Amino acid sequence: LELVGGPRGPRTTPTMAPTICELGVFNAEVDPCSDADADDEDEEEDGMDSSNMMFAVMSSQAPHDFSLPTPRRLQNRIRRITFASDVDGHLDVHRRPRAMDPDTKANLTVALKKNRFCSCLNSASLETMVATMEYFEFEANDTVMQQKAPGRYFYVIDRGSFEEQVNGKTVGTLTSGNSIGGIALVYNTGRASSLVAKCAGSVWGVNGTIFRQVLHEHSKSHYQENRHVLDQLSMFEGLSSKKKERVGQLALFTEIYEPGVVVKQCGNNLAAVYVVKSGKLVAHTAAGREVQTFAAGDSFGWRQLMYGELEDIDIMVSERCELVGMGLGPLEKALGGSLATCLMRSYAVSILRKTHVFALLPPRHVRKIAESMVTHLYSAGERLDDEPVLAVVVDGQARWEHQGGGTTLQRGAIYEHPELQKMQAETFGGSSSSSLRPSVNSGDLIAEFPVGCRLSLLRRDRLVAALTKLGLPLSVDDTTGLQYLKKALFVRKVPIFKELSDEQINGLVVSLVCKQHRNHTPVFEQGTVGDAFYIITSGKVQIVLDGKPIRQLGPGASFGERALLFNEPRSATVQVMDEDLELWSVDRQAFRTAITESMRENLVKTIAYTGTNVSMKDIKHLRFIGAGAFGTVRLVEHKRTGLRYALKRIRKTNGNVPEEVNREINLLSENHHPFLLHYVDCFETEKSKYILTELVTGGQLHEQVLEKMGGLPRKAAQ
């Protein structure tokens, strides 16, 4: 290789310069740990990494602005490259020089287009592969490639006949125009089969590094499409966006299959996990019985990946399909650590996020709890020895039996401990993420497995251990960890505590005291001294101001903050309305310690709107704001305090107020949250109804998005 002059002037030709053939022997897999620091400066100065340099040299079409490195830098780069003399080293004696005429180029291009990996490539990518191919000749019984051995080339048969062998048995014959060898190169595995010459023949081969690089460039150009495929996989739901992006960059390749092609044979390993992007495949047993159909969005190969088990099925293409393959080696490199462990943990995180209780915990807590979940294989008829807090059917199916009956659970179904279900019902109005109805008695819950299954379990002791490792305050009698979760859940649902840190939440959880109240008794009365803040965990209360009922509050609502903030008497009476009212109270000191400045501002604003008595005589008109579906809105101001409001006027129809307006008033008056418009009061005259609310001048979010901001990126939307 002659080194030419560049921007830095002429360079000296090294005495031991490698030839182009020798450059074609190495496998340009860079070891990131070798001489990384020493070569950083070289990489920046030269402007190309070692794989790009090899690509330019082997194609004999180096960019005009590419200056080759000095001898010292060349030796540094070669030192970083792992020479693969043991990888297809026998091919050196079969390499022959041969010029490529236009007909040969055209035939090779056609052959590449028929290959499942290359059929989606554009003309420029195909030309790159053809231009870098080398020519090899073989005699009868010569081995071109060996099963299970690492691969260095992708082959296209030029002439002659070659046998493809698996475990010593011939499974196919390749002739002119056929191709082979892509799986090992793309997914970084051993050869799936051997290739032996039946008679004298020849092949064209493209170096594996170039083959991977071209396919990788194609994958990058279709990154968004493939990323969408990842987002659909349940096993990847718990992965962070950063890890998904890394998988998309390193592990995804597209394959296209025509009808009748067998993608997987009984008992054979798959080199990748596949997701069907389009088309259709059918799975058959060895006896020919159809057992499953794969369509767009379906995937296969997980059992081998997760558990090392081979499935005794053939998978054949019934309609032309496009598959997105994820190589096991690149996947493990992208995710780090044990691939099965990482994906199972990711799956556990996704399941926890689907439950109402765990979804409200900080991501760090969810990940730690997911790490404490264990997966067990249960044989047919085997029962659980202990009822878990949470269980997920990972594979197979299970049957859960209790006093109320039994339910068969398929893959992905969730079982939650009755106490967990009760907690969610109290907080979320009866909804549950469980696949079962709550059992009457948790002790009667039995698991039976008709065909055996795998369960991912969150046991009580492991949940307690995980919460303890996180430094969370568990009470002495909290043997399951559910009491802490219940308290943390309610605290995080209180709007005024939405900005609290994990440490502040823990401080409040420690301070919470449970209190029971009888029906029709007051929690406190108007005018008394306030010493606590309250959160409702079950039941309802009614707020009474000067003997007049104002509104009702239910589970998750809170009250009592005004007296603590302003050191004033209670502004209203709170009356119990249910037999089973349960409250958690926080004393004055713990409450004032937890409240931040922004929280205090929000509370003062809320109190200013809800704690001021306003009549129509107290406000004055400033200007017209706009018109809605039922009336007009005006800007008004309180004559004494100067506080501004929005006053909505709705004209009556035949002396009646539209039902939609009454519904709006009821909803606004009964619900209080920083994200909701604060309702102040309503007034009625002979011809109109007036609704007085806080003034919000930003307009409608819907209009802002459509007319001003345009489509929102994912983070902004979240």
Side-chain angles (χ1 to χ4, degrees), residues 19-27 58-60 83-119 126-186 189-212 214 258 261-262 265 268:
T19 66
I20 286 209
C21 288
E22 287 172 339
L23 281 175
V25 172
F26 66 68
N27 177 9
M58 292 201 63
S59 65
S60 301
F83 279 83
S85 57
D86 58 331
V87 179
D88 290 346
H90 66 288
L91 294 177
D92 295 341
V93 297
H94 296 281
R95 187 182 290 107
R96 303 286 186 269
R98 177 177 170 180
M100 194 178 292
D101 56 49
D103 288 341
T104 302
K105 291 182 180 179
N107 292 336
L108 290 173
T109 301
V110 171
L112 289 176
K113 285 182 178 179
K114 294 179 181 178
N115 182 265
R116 61 184 181 180
F117 292 107
C118 305
S119 58
L126 294 173
E127 288 175 9
T128 298
M129 283 198 184
V130 171
T132 58
M133 281 186 171
E134 301 172 60
Y135 185 71
F136 302 89
E137 290 185 347
F138 298 90
E139 298 298 329
N141 299 320
D142 282 347
T143 298
V144 180
M145 65 183 198
Q146 185 68 44
Q147 184 179 0
K148 296 184 180 180
R152 200 171 89 203
Y153 285 94
F154 171 77
Y155 300 104
V156 177
I157 308 301
D158 177 57
R159 61 180 177 83
S161 179
F162 295 79
E163 285 185 349
E164 183 182 8
Q165 300 176 354
V166 176
N167 299 327
K169 297 181 179 180
T170 300
V171 294
T173 300
L174 280 68
T175 57
S176 179
N178 295 141
S179 57
I180 192 172
I183 294 178
L185 303 178
V186 169
T189 65
R191 297 289 195 187
S193 59
S194 298
L195 189 67
V196 179
K198 292 179 64 177
C199 59
S202 58
V203 301
W204 289 93
V206 59
N207 184 277
T209 304
I210 296 175
F211 185 78
R212 281 193 300 267
V214 170
E258 299 299 330
V261 175
V262 177
Q265 292 182 326
N268 284 357

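Computed from a predicted model, the values in this text were never measured in an experiment.
- Here the closest heavy-atom approach between residue Asn115 and residue Ser179 is recorded as ND2-OG, 3.0 Å.
- Atoms CG and CZ, from Leu185 and Arg152 in turn, are 11.0 Å apart once rounded to the nearest 0.5 Å.
- Between Arg159 and Ala200, the closest heavy-atom pair is NH1-O, 3.8 Å.
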**Message:** The test is side-chain contact (heavy atoms from CB on, under 4.5 Å); show your working for Gln146 and Ser194 and say whether it passes.
**Reply:** CA-CA 4 Å; Gln146 185 68 44; Ser194 298; 3.5 Å; yes

**Request:** Check step by step if side-chain contact (heavy atoms from CB on, under 4.5 Å) holds for Leu126 and Cys118.
**Result:** CA-CA 8 Å; Leu126 294 173; Cys118 305; 4.3 Å; yes

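- Between Ala192 and Val166, the closest heavy-atom pair is O-CG2, 4.1 Å.
- Within the 3.5 Å criterion, the main-chain N or O of Ala184 finds no donor-acceptor partner in the side chain of Arg191.
- With sequence neighbours excluded, the residues satisfying side chain to side chain contact (heavy atoms under 4.5 Å, CB included) with Lys105 are Met100, Val130.
- With sequence neighbours excluded, the residues satisfying ring pair (Phe, Tyr, Trp, His ring centres under 6.0 Å) with Phe154 are Phe211.
- Expressed to the nearest 0.5 Å, how far CG of Asn167 lies from CD of Gln147 amounts to 4.5 Å.
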**Request:** Mind running side-chain contact (heavy atoms from CB on, under 4.5 Å) on Thr109 and Glu127 for me, showing each step along the way?
**Result:** CA-CA 7 Å; Thr109 301; Glu127 288 175 9; 5.8 Å; no

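- Taking every heavy atom of both residues into account, Asp142 and His94 meet most closely at OD2-CE1, 3.4 Å.
- The closest side-chain donor-acceptor pair between Thr104 and Asn107, if any, does not fall under 3.5 angstrom.
- The structure places CD1 of Ile157 at 11.0 Å from CG of Leu108, a figure rounded to the nearest 0.5 Å.
- For the pair Leu91 and Phe138, the minimum side-chain heavy-atom distance is below 4.5 Å.
- In this structure, OH on Tyr155 lies 9.5 Å from CD on Glu134, to the nearest 0.5 angstrom.
- Within the 4.5 Å cutoff, no side-chain heavy atoms of Val203 are placed close to those of Tyr153.
- For the pair Ala111 and Val156, the tightest heavy-atom approach, listed with the atom from each and the gap, is CB-CG1, 3.6 Å.
- Side-chain atoms of Glu137 and Tyr135, non-hydrogen and from C-beta on, do get closer than 4.5 Å to each other.
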**Request:** Give the intermediate values and the outcome of side-chain contact (heavy atoms from CB on, under 4.5 Å) for residues Met145 and Glu164.
**Result:** CA-CA 10 Å; Met145 65 183 198; Glu164 183 182 8; 5.8 Å; no

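- We find the OG1-CG distance between Thr132 and Asn207 to be 7.5 Å, quoted to the nearest 0.5 Å.
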Run the side-chain donor-acceptor check on residues 168-176: report pairs under 3.5 Å with partners two or more places apart or on a different chain.
unit_1: Thr170; atom_1: OG1; unit_2: Glu163; atom_2: OE1; d: 3.2
unit_1: Ser176; atom_1: OG; unit_2: Asp158; atom_2: O; d: 3.1

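- To the nearest 0.5 Å, the span separating OG on Ser202 from CZ on Arg96 amounts to 10.5 Å.
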